[in-house]
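Residue numbers start at 1 and run along the sequence shown.
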Amino acid sequence: MKQAEIKLNVTLDEQNIPERIDWSSTDGETSEEMPSKAMFLALWDAQYKNSMRIDLWTKDMPYDEMKRFFYETLQTLGDSFLRASGGDPMADKVIGDLRDYCAHFAEKMEVLEEEK
């Protein structure tokens, strides 16, 4: 059995606000720490049937990048759900609705640049 380790290092300021988020993985392209400005971590607790989450962003994360981060996260959550659904037709319909919402979010938040 193969195992991989993911490490997160968060540097906090005096008010416990993240200044740096660095991560590394033993199964990545490189094993050196990579910087990040934001992260969402969600884990499923099978015993209590609920999710456990950590949402962090550094104090210098620009708002326009945060909007893009939310948009891309919503899109990839849809992709993940479709892979997990095993071809359930209802999942396709619901994720279609999510894609519509993502397009609405992107437009209202001015996330995507207009194509030329």
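Between Glu19 and Lys59 there is a salt bridge, since at least one side-chain N of the basic residue sits less than 4.0 Å from a carboxylate O of the acidic one. Contact check on Lys7 versus Asp22 returns no salt bridge, with no Lys/Arg side-chain nitrogen under 4.0 Å from an Asp/Glu carboxylate oxygen. Using a 4.0 Å cut-off between a side-chain N of Lys or Arg and a carboxylate O of Asp or Glu, Asp88 and Lys93 do not qualify as a salt bridge.
Placement of Met61 and Ile54 in two distinct hydrophobic clusters is found when ILVMFWY residues are connected by side-chain heavy-atom separations under 4.5 Å, directly or transitively. The hydrophobic clustering, which links ILVMFWY residues whose side-chain heavy atoms are closer than 4.5 Å, places Leu112 and Tyr63 together. Linking Ile, Leu, Val, Met, Phe, Trp and Tyr whenever their side-chain heavy atoms come within less than 4.5 Å puts Leu8 and Leu56 in one cluster. Using a 4.5 Å cut-off between side-chain heavy atoms of Ile, Leu, Val, Met, Phe, Trp and Tyr, with links allowed through other members, Tyr48 and Met52 fall into different hydrophobic clusters.
Heavy-atom neighbours of Phe81 CZ from other residues, nucleotides or ligands within 6.0 Å: at or below the threshold of 12. Within a 6.0 Å sphere centred on CD1 of Ile6, heavy atoms belonging to other residues, nucleotides or ligands number 12 at most.
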Tell me, with the steps shown, if Gln75 and Leu98 meet side chain to side chain contact (heavy atoms under 4.5 Å, CB included).
-> CA-CA 8 Å; Gln75 290 280 37; Leu98 177 61; over 6 Å; no
Chi angles and distances behind the salt bridge (charged side-chain N to carboxylate O under 4.0 Å, His left out) call for Asp79, Arg99 = CA-CA 10 Å; Asp79 296 340; Arg99 301 272 189 245; 2.4 Å; yes
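Counting only heavy atoms from C-beta outward, the side chains of Pro18 and Trp57 never approach each other to under 4.5 Å. Asn9 places none of its side-chain heavy atoms less than 4.5 Å from the side chain of Arg20. A 4.5 Å side-chain heavy-atom check between Met66 and Tyr71 finds every atom pair outside the cut-off. Between Tyr101 and Leu74, the closest side-chain pair of non-hydrogen atoms falls below 4.5 Å.
In this structure, CH2 on Trp44 lies 6.5 Å from OG on Ser51, to the nearest 0.5 angstrom. Taking CD1 from Ile21 and CE from Met39, the interatomic distance works out to 6.5 Å, rounded to the nearest 0.5 Å. Within the model, atoms CD of Glu110 and CG of Asp64 stand 11.0 Å from one another, a figure rounded to the nearest 0.5 Å. For the atom pair CE of Met109 and SG of Cys102, the computed distance is 13.0 Å after rounding to the nearest 0.5 Å. Taken from OG1 in Thr58 to CG in Asp13, the straight-line distance is 11.0 Å, to the nearest 0.5 Å. For the atom pair NZ (Lys67) and CZ (Phe105), the distance works out to 8.0 Å, reported to the nearest 0.5 Å.
Proximity of a side-chain donor or acceptor of Thr26 to a complementary backbone N or O of Glu5 within less than 3.5 Å is detected.
Using cut-offs of 30° and 60° for the angle between ring planes, the Phe70 and Phe40 rings count as perpendicular.
Annotation: side-chain contact (heavy atoms from CB on, under 4.5 Å) contacts of Asp100 (sequence neighbours excluded): Asp97.
Glu32 and Ser24 get closest at one heavy-atom pair: O-CB, 3.9 Å.
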